[in-house]
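What follows is a single structure, written as structure tokens, with notes after it.
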Amino acid sequence: QGQLLESGGGSVQSGGSLRLSCDASGFIGDDYSLAWFRQAPGKKREGVAGLDSYGGTGYADSVKGRFTISLDIVNNTLDLQMNSLKPEDTAMYYCAADGPAIRDGGGWASPDEFGYWGQGTQVTVSS
């Protein structure tokens, strides 16, 4: 199925924006479940946002209204637009594929449910 490759991370001041992109070629077909996770030092990996081929989307409560997940079918990328960034958003962000159905409420957001992972891209937000 290929690899997942993230890009777009970087350093930004509090209140700024970043857009992450994940090359998900090979994982986008008739049936897919894709998500962004993040992991800060000393903390567990947590689900940030996900979407699936049935129109399901889900967001962590901490990012609702600030982050938007989308799928670019033309370029086969999973994107994450992050606005109003806060220092607590600082983490390594990972793209994941082959997960469960995505529904609002966080039930999809267990890392163990996803079979494929990218290497991650670092996001650092300074105050």
Side-chain angles (χ1 to χ4, degrees):
Q1 286 182 293
Q3 296 181 327
L4 297 166
L5 184 61
E6 303 95 336
S7 62
S11 296
V12 65
Q13 289 192 324
S14 181
S17 298
L18 283 173
R19 187 176 183 86
L20 305 184
S21 186
C22 172
D23 183 349
S25 302
F27 294 94
I28 301 172
D30 293 335
D31 185 9
Y32 57 82
S33 171
L34 304 165
W36 286 96
F37 283 76
R38 67 186 180 187
Q39 188 167 18
K43 294 189 176 181
K44 293 182 179 180
R45 191 168 296 191
E46 64 172 352
V48 175
L51 54 77
D52 66 23
S53 55
Y54 299 97
T57 57
Y59 292 91
D61 288 342
S62 60
V63 306
K64 282 182 179 178
R66 299 189 297 124
F67 291 11
T68 302
I69 190 171
S70 61
L71 187 65
D72 184 336
I73 294 295
V74 174
N75 295 305
N76 288 327
T77 60
L78 179 71
D79 300 324
L80 185 68
Q81 178 66 42
M82 306 186 295
N83 297 328
S84 301
L85 282 161
K86 304 175 181 180
E88 50 263 45
D89 294 317
T90 295
M92 185 71 79
Y93 283 70
Y94 298 90
C95 178
D98 193 27
I102 305 295
R103 297 292 180 265
D104 196 21
W108 55 271
S110 170
D112 293 340
E113 297 288 336
F114 286 79
Y116 296 87
W117 293 86
Q119 294 298 307
T121 185
Q122 178 68 37
V123 171
T124 302
V125 184
S126 59
S127 57

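Remember, it's a predicted structure, so these values are computed and weren't measured experimentally.
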Should [X] and [Y] be counted in the same cluster of Ile, Leu, Val, Met, Phe, Trp and Tyr side chains packed under 4.5 Å apart?
{"X": "Leu71", "Y": "Leu20", "value": "yes"}
{"X": "Leu78", "Y": "Phe67", "value": "yes"}
{"X": "Leu34", "Y": "Trp117", "value": "no"}
{"X": "Leu4", "Y": "Val123", "value": "yes"}
{"X": "Tyr116", "Y": "Met92", "value": "no"}

If only atom types and distance count, is the side chain of [X] paired as donor or acceptor with the main-chain N or O of [Y] below 3.5 Å?
{"X": "Asp52", "Y": "Gly56", "answer": "yes"}
{"X": "Gln13", "Y": "Val125", "answer": "no"}
{"X": "Glu6", "Y": "Cys22", "answer": "no"}
{"X": "Ser53", "Y": "Tyr32", "answer": "yes"}
{"X": "Glu46", "Y": "Arg38", "answer": "no"}
{"X": "Tyr54", "Y": "Asp31", "answer": "no"}

I'd like to know whether Asp79 forms a side chain to side chain contact (heavy atoms under 4.5 Å, CB included) with Ile69, so could you lay out the CA-CA distance, the side-chain angles of the two residues, the decisive distance to 0.1 Å, and finally the verdict. CA-CA 6 Å; Asp79 300 324; Ile69 190 171; over 6 Å; no
For Met82 and Asp89: C-alpha separation, side-chain torsions, deciding distance, then whether side chain to side chain contact (heavy atoms under 4.5 Å, CB included) applies. CA-CA 9 Å; Met82 306 186 295; Asp89 294 317; over 6 Å; no
Does any non-hydrogen side-chain atom of Thr124 lie less than 4.5 Å from one of Val12? no
Find out whether Glu88 and Ser14 are in side-chain contact, i.e. whether some heavy atom of one side chain is under 4.5 Å from a heavy atom of the other. no
Heavy-atom closest pair (Ser33 atom, Pro100 atom, distance to 0.1 Å) is OG-O, 2.6 Å
State, to 0.1 Å, how close Phe27 and Ala97 come at their nearest heavy-atom pair, and which atoms those are. CD2-CB, 3.5 Å
How long is the straight-line distance from OG of Ser17 back to CZ of Arg66, given to the nearest 0.5 Å? 10.5 Å
From CG (Leu51) to CH2 (Trp36), nearest 0.5 Å: 11.0 Å
Do Asp23 and Thr77 have side-chain atoms, one donor and one acceptor, less than 3.5 Å apart? no
Using only heavy-atom distances, determine whether the side chains of Gln81 and Asn83 contain a donor-acceptor pair under 3.5 Å. yes
Go through the structure and list residues passing salt bridge (charged side-chain N to carboxylate O under 4.0 Å, His left out) with Asp104, not counting sequence neighbours. Lys64
Determine, stepwise, if the pair Ser70 / Arg19 fulfils side chain to side chain contact (heavy atoms under 4.5 Å, CB included). CA-CA 11 Å; Ser70 61; Arg19 187 176 183 86; 3.8 Å; yes
Ring pair (Phe, Tyr, Trp, His ring centres under 6.0 Å): which pairs involve residues 82-111, sequence neighbours left out? none
Surrounding CD of Gln122 (heavy atoms of other residues, nucleotides or ligands, distance under 6.0 Å), is the total greater than 12? yes
